[in-house]
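We name chains A, B, ... by the order of the sequence lines, and we start the count at 1 in each one. None of these values were measured; they are calculated from a predicted model.
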Amino acid sequence: MEWVKLTYTPLPVEEVLRQSGRPDCGALVTFLGVSRNHHKGREVRTLFYEAHESMAQKKLEQVRQEAMEKYSVRQVFLWHRLGEVPVGEASLLVVVAAPHRREALEAVAYMIDRIKEDVPIWKKEFFCDGQAEWVEGEHH
Amino acid sequence: MDVKIQLFALLREIVGQETITLSLPEGATGEDLKRELTRQYPNLKPHLPSVRLALEDEFYPAHLPLPKGKEIALIPPVSGG
């Protein structure tokens with residue numbers, strides 16, 4: 001099981017969790033980013049994720065490395081789903097094992113922030129009214 | 001020199017292609033590339049200022065000259081996670 005992966009299939013959350021955790025880690029934090037049914041007041045039917053795949057893989061690995069160095073956590077899984085991700089399904093899986101909860105929680109938050117800064121993945125929302133829009137990322 | 005450009009997301013939809021090739025003078029920078037792109041595809045104009053360049057899977061500063069023979073990816077503001 002890879003630490004970092006992009007996949008077009010549903011994220012294998014249970015499988016990743018089965019491989020997670022270590023006896024020296026008292027904290028195991030799991031984050032799922034889930035497709036939401038609304039965006040700025042509009043009802044969303046489904047979401048679609050596109051990536052510059054080779055660069056996204058590399059940047060996700062960098063983000064994982066940064067988090068492990070900055071927060072001294074022991075184990076990190078970082079998986080992102082691409083293609084269509086229907087409402088209620090997960091697009092992002094982050095699992096962190098660390099001796100204590102503080103660094104685990106902070107590492108998770110850090111990685112999500114970094115993904116939203118520098119990982120070349122884009123989300124398109126398909127609304128129930130028939131329209132579709134690429135989500136405007138934060139400008140640099 | 002011919003510069004091959006990889007497009008994603010909204011940029012790809014506006015241009016209608018995944019890759020395009022631009023002819024640029026040697027020593028042209030990312031900023032020059034954006035200017036030429038705007039000339040050929042005026043609909044890209046509002047989106048290009050916030051676009052970053054990438055080369056060989058890393059961000060590449062727009063003020064630097066573009067290396068010959070390398071593919072450039074245009075990275076709009078990201079929205080994953």
Go through the atoms of [X] and report whether side chain, backbone, both or neither lie under 4.5 Å from a heavy atom of chain B.
X: A:Ser91; value: side chain
X: A:Ala51; value: backbone
X: A:Glu133; value: neither
X: A:Val135; value: both
X: A:Trp134; value: side chain
X: A:Lys123; value: both
X: A:Leu92; value: side chain

Out of B:Ile14, B:Val15, B:Thr38, which residue meets the side chain to side chain contact (heavy atoms under 4.5 Å, CB included) rule with B:Asn43? B:Ile14
So, applying side chain to side chain contact (heavy atoms under 4.5 Å, CB included) with B:Asp57, which one of A:Lys59, A:Gln57, A:His52 is it?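 So the option named by the test is A:His52.
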Checking B:Glu56 against chain A: side chain, backbone, both or neither under 4.5 Å from a heavy atom? backbone
Do any N or O atoms from the side chain of A:Trp79 and from the backbone of A:Pro12 form a donor-acceptor pair under 3.5 angstrom? no
Polar side-chain atom of B:Ser50 near backbone of B:Pro77 as donor-acceptor pair, under 3.5 Å: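 No, the answer is negative, given that no donor and acceptor are paired below the 3.5 Å cut-off.
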Report yes or no: do B:Arg12 and B:Gln6 form a side-chain donor-acceptor pair below 3.5 Å?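 The answer is no; no qualifying pair exists.
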With distance as the sole criterion, is a donor-acceptor pair present between the side chains of A:Gln62 and A:Glu66 under 3.5 Å? no
So which residue, A:Pro120, A:Ser54, A:Gly33, A:Ala56, ends up with the most heavy-atom pairs under 4.5 Å with chain B?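 Greatest number of close heavy-atom pairs with chain B: A:Ser54.
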For the candidates A:Phe48, A:Tyr49, A:Trp122, A:Phe31, which exhibits the highest count of non-hydrogen atom pairs separated by less than 4.5 Å from chain B?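 Sorted descending by pairs with chain B, the first entry is A:Trp122.
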A:Arg102 atom CZ: more than 12 heavy-atom contacts under 6.0 Å: no
